[in-house]
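See structure below.
Just so it is clear, the structure is predicted and the values come from calculations on it, not from any experiment.
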Amino acid sequence: MGLKTSTLSFDERCTENIEDKQMQAALKKAQDAQWIKREGSRDQLGNWEQWRELGQQIRQHTLNHLPDYLEQFSDNVEKQGGHVFFARTDKEAQEFVRQIVLEKEIKKIVKSKSMVTTEVGLDPMLEKMTDVSVVETDLAEFILQMDNWDEPSHIVFPAVHKNRHQVKQIFEKLGYVGSDEPVDLAKFARKILRERFLEADLGISGCNFAIADSGMINLVTNEGNADLCISIPKTQIVLMGMERIVSSIKEAEVLDNLLCRSAVGQKLTSYVTFAGRKHEDESDGPEDFYVVIVDNGRSNALGTQFQEMLQCIRCGACLNVCPVYRHIGGHGYGSIYPGPMGAVLSPILGGYEEFGDLPYASSLCGACTDTCPVKIPLHKLLIEHRTVMTNELKMKHGLDDATMKMIGRVTASPIAFKMVEKVDHAGSAMITKKKDMSVKNLYNHDGYLNKAPAMAKNWTDYRDLPRPPKAKDNFRQWFKDHQKAKAQMGGK
């Protein structure tokens, strides 16, 4: 699949998803439920803002010393008999995995949920290999795979856009006969997946955090499938973004607490695992252990105003509070990283030509920044992207650029601004739609614009815009009259 998930334009994707009422209902239900669970679990922890600051400090410290910690982690993995490969691009990551599969004559692969494996397009590459089968073992990812590799729409709940009836129809293609009760559907999937685990030659997983001073990886999962991917196959490949590292298990414990409470509203998820290559005194685990540390554009952010984005721990909390995500869903972003975090990260990894629309897919309400457990200033970084595109890259936006320049000149000139105020009411008469006149009596709007020109069209496509008031009713005139009346009353 890779980072980009759609060939449609941003407007086409938005139009398509805004019309998907079932998806919007599913997202609304998920966002509302997660809000209650998330806030409750954070309250139980106590001193949440102090925990956020600690998480921020841990992540910033690691990023400021990233080369040192990556080297330490790599050395410790190799001391235990494992292997580390640094992949600069998605192609290098793909090729390394492909070579391991060929050299070891791998036939059956099981994967646990991993955004970075999707980012580098690992599944499509493996699917093309002759006599190799790959199965996603996370229940949601398994559902998407069985639905002809449908795109994930959330970084924590990939199949949140599907309901139980749709899942039942997907499983019926696999021979399922039963109700659409989630318990029955999960039992059916578990039966299939357990057989795949026992047959697998290779397990592939992501990595929530890598522990520099021990060479272990930290996985946080709900279903236990990642543990089976690690413990049963003889060969294990871990793919991790190069920023997903902490200095010791103490820091990982803090971030696990922040992650679990922000992602699924739990004190801890069902399985928090620290693992590596199998030791001689252990009964299970991989005999061959490989870690692929992926750059794939992340170094573009180091040392820049966007470095803070690399603090992200992939909890998805920003998606769960975002009003834009609530309406267009994950597929509307055209990236495997949707929502506010994706709107910031995707242009860093994939460039502005591919993802330049995403920084504008925001109301800049700041809810994402307020909820982020590691205090990434997401809405400010969205503005930084817009600034880079407009001022540094001089990217053109056609009529919008010309309109904004004109607005800038008018608002910067008191004389021009006052002239516009005198004529805007009369000038909008032709495009004004009269509504309940009680509104006029209250606000002096005298109607609403529902088909405004130029940039205002983006507003009136979905809601009405109050007609500008008459000159005698605008704020400046009101303030002048108010000050005059106040003076007449002796300043009282």
Can you find a side-chain donor-acceptor pair between T387 and E384 that sits under 3.5 Å?
no
Output the distance between atom OG (S9) and atom CG (D357), rounded to the nearest 0.5 Å.
8.0 Å
State whether the number of non-hydrogen atoms from other residues, nucleotides or ligands found under 6.0 Å of Q266 atom CD is greater than 12.
yes
Is it the case that more than 12 heavy atoms not belonging to W48 sit under 6.0 Å from its CH2 atom?
yes
On the ring face of F417, is R476 found with NZ or CZ under 6.0 Å from the centre and within 45° of the axis?
no
Determine the minimum heavy-atom distance between D213 and I249, stating which atoms define it.
OD1-N, 4.4 Å
Any chance you could measure S74, atom OG, to I293, atom CD1, to the nearest 0.5 Å?
6.0 Å
Nearest heavy-atom pair of K113 and P158: which atoms, and what distance?
CE-CG, 3.5 Å
Tell me whether the rings of F475 and F479 are parallel (<30°), tilted (30 to 60°) or perpendicular (>60°).
parallel
Ignoring hydrogens and angles, state whether a donor on the side chain of E12 or T15 is under 3.5 Å from an acceptor on the partner side chain.
no
Please work out which of the three classes, parallel, tilted or perpendicular, describes the rings of F96 and F85, given edges at 30° and 60°.
parallel
Among F73, F274, Y69, side chain to side chain contact (heavy atoms under 4.5 Å, CB included) partner for I211
F274
Would you indicate whether the side-chain heavy atoms of M242 and N296 approach each other to under 4.5 Å?
no
Measuring from I328:CD1 to C14:SG, what's the distance to the nearest 0.5 Å?
4.0 Å
Would you give the length of the straight line joining atom NE2 of H379 to atom SG of C318, rounded to the nearest 0.5 angstrom?
13.5 Å
Would you indicate whether the side-chain heavy atoms of L122 and M125 approach each other to under 4.5 Å?
yes
Got a donor-acceptor contact below 3.5 angstrom from the Q94 side chain to the V120 backbone?
yes
Under a 3.5 Å distance rule, please check whether N47 uses its side chain to pair with a backbone N or O of Q50 as donor and acceptor.
no
Assess the side chains of Q477 and D481: does a donor N or O sit below 3.5 Å from an acceptor N or O?
yes
Please evaluate residues V272 and N218 with respect to the criterion side chain to side chain contact (heavy atoms under 4.5 Å, CB included), reporting the C-alpha separation (whole Å), side-chain torsions for both, the decisive distance (0.1 Å), and the verdict.
CA-CA 7 Å; V272 178; N218 176 203; 3.8 Å; yes
Tell me the closest heavy-atom pair linking H331 and E151, and the distance in Å.
NE2-O, 2.8 Å
Salt bridge (Lys or Arg N to Asp or Glu O under 4.0 Å) partners for R164, two or more places apart
E181
Within the structure provided, determine whether L144 and H161 are in side-chain contact (heavy-atom separation under 4.5 Å).
yes
Will you find, in the side chains of R42 and S262, an N or O donor that is under 3.5 Å from an N or O acceptor?
yes
For the residue pair R38 and A317, what are the closest heavy atoms and their distance?
CD-CB, 4.2 Å
pair I204-L126: side-chain heavy atoms closer than 4.5 Å
yes
Can you name the salt bridge (Lys or Arg N to Asp or Glu O under 4.0 Å) partners of R386, sequence neighbours left out?
none
Between L70 and V84, does the side chain to side chain contact (heavy atoms under 4.5 Å, CB included) criterion hold? Intermediate values first, please.
CA-CA 10 Å; L70 287 174; V84 175; over 6 Å; no
Determine the interplanar angle of the F306 and H385 rings, folded into 0 to 90°, and report it as parallel if under 30°, tilted if 30 to 60°, perpendicular if over 60°.
parallel
Give me the atom names and distance for the closest heavy-atom approach of P338 to I155.
CD-CG2, 3.7 Å
Would you say E71 has more than 12 foreign heavy atoms packed within less than 6.0 Å of its CD?
no
For the atom pair CE (M309) and OG1 (T304), what is the distance rounded to the nearest 0.5 Å?
12.0 Å
Short N-O contact, K375 and E53, less than 4.0 angstrom
yes
Distance from T369 atom OG1 to L378 atom CG, nearest 0.5 Å?
5.0 Å
Sub-3.5 Å donor-acceptor pair from the side chain of D147 to the main-chain atoms of D150, do we have one?
no
Could you tell me whether E49 and R52 have a side-chain N and a carboxylate O separated by less than 4.0 Å?
yes
So, do N320 and H154 sit near enough that their side-chain heavy atoms are less than 4.5 Å apart?
yes
Quick one: are E308 and P377 in side-chain contact, heavy atoms under 4.5 Å?
yes
Answer yes when E119 and R298 have at least one side-chain N-carboxylate O distance shorter than 4.0 Å, and no when they do not.
yes
Looking only at the side chains, is there a donor atom on one of Y271 and E223 sitting less than 3.5 Å from an acceptor on the other?
no
Residue pair D370 / V321, side-chain heavy-atom distance below 4.5 Å
no
Does a side-chain N-to-carboxylate-O contact under 4.0 Å join K111 and D138?
no
Please answer whether the main-chain N or O of D295 pairs with a side-chain N or O of S299 as donor and acceptor at a distance below 3.5 Å.
no
Q60, R59, E243 screened by side-chain hydrogen bond (donor to acceptor under 3.5 Å, both in side chains) with Q311, the one that passes
Q60
May I have the step-by-step check of side chain to side chain contact (heavy atoms under 4.5 Å, CB included) for I245 and F209, ending in yes or no?
CA-CA 5 Å; I245 194 162; F209 306 107; over 6 Å; no
Correct closest heavy-atom pair for G329 and L27 would be CA-CD1, 3.4 Å
R326 and D32 ion-paired at < 4.0 Å
yes
Close side-chain approach of L382 and Y360, heavy atoms under 4.5 Å
no
Report the C-alpha distance between F355 and L345 in whole Å, list the side-chain angles of each, state the deciding distance to 0.1 Å, and finish with yes or no for side chain to side chain contact (heavy atoms under 4.5 Å, CB included).
CA-CA 9 Å; F355 299 107; L345 183 62; over 6 Å; no
Do Q307 and N64 pass the side chain to side chain donor-acceptor pair (under 3.5 Å) test, and can you show the C-alpha distance, the side-chain angles, and the key distance before you say yes or no?
CA-CA 9 Å; Q307 178 169 305; N64 290 334; 3.2 Å; yes
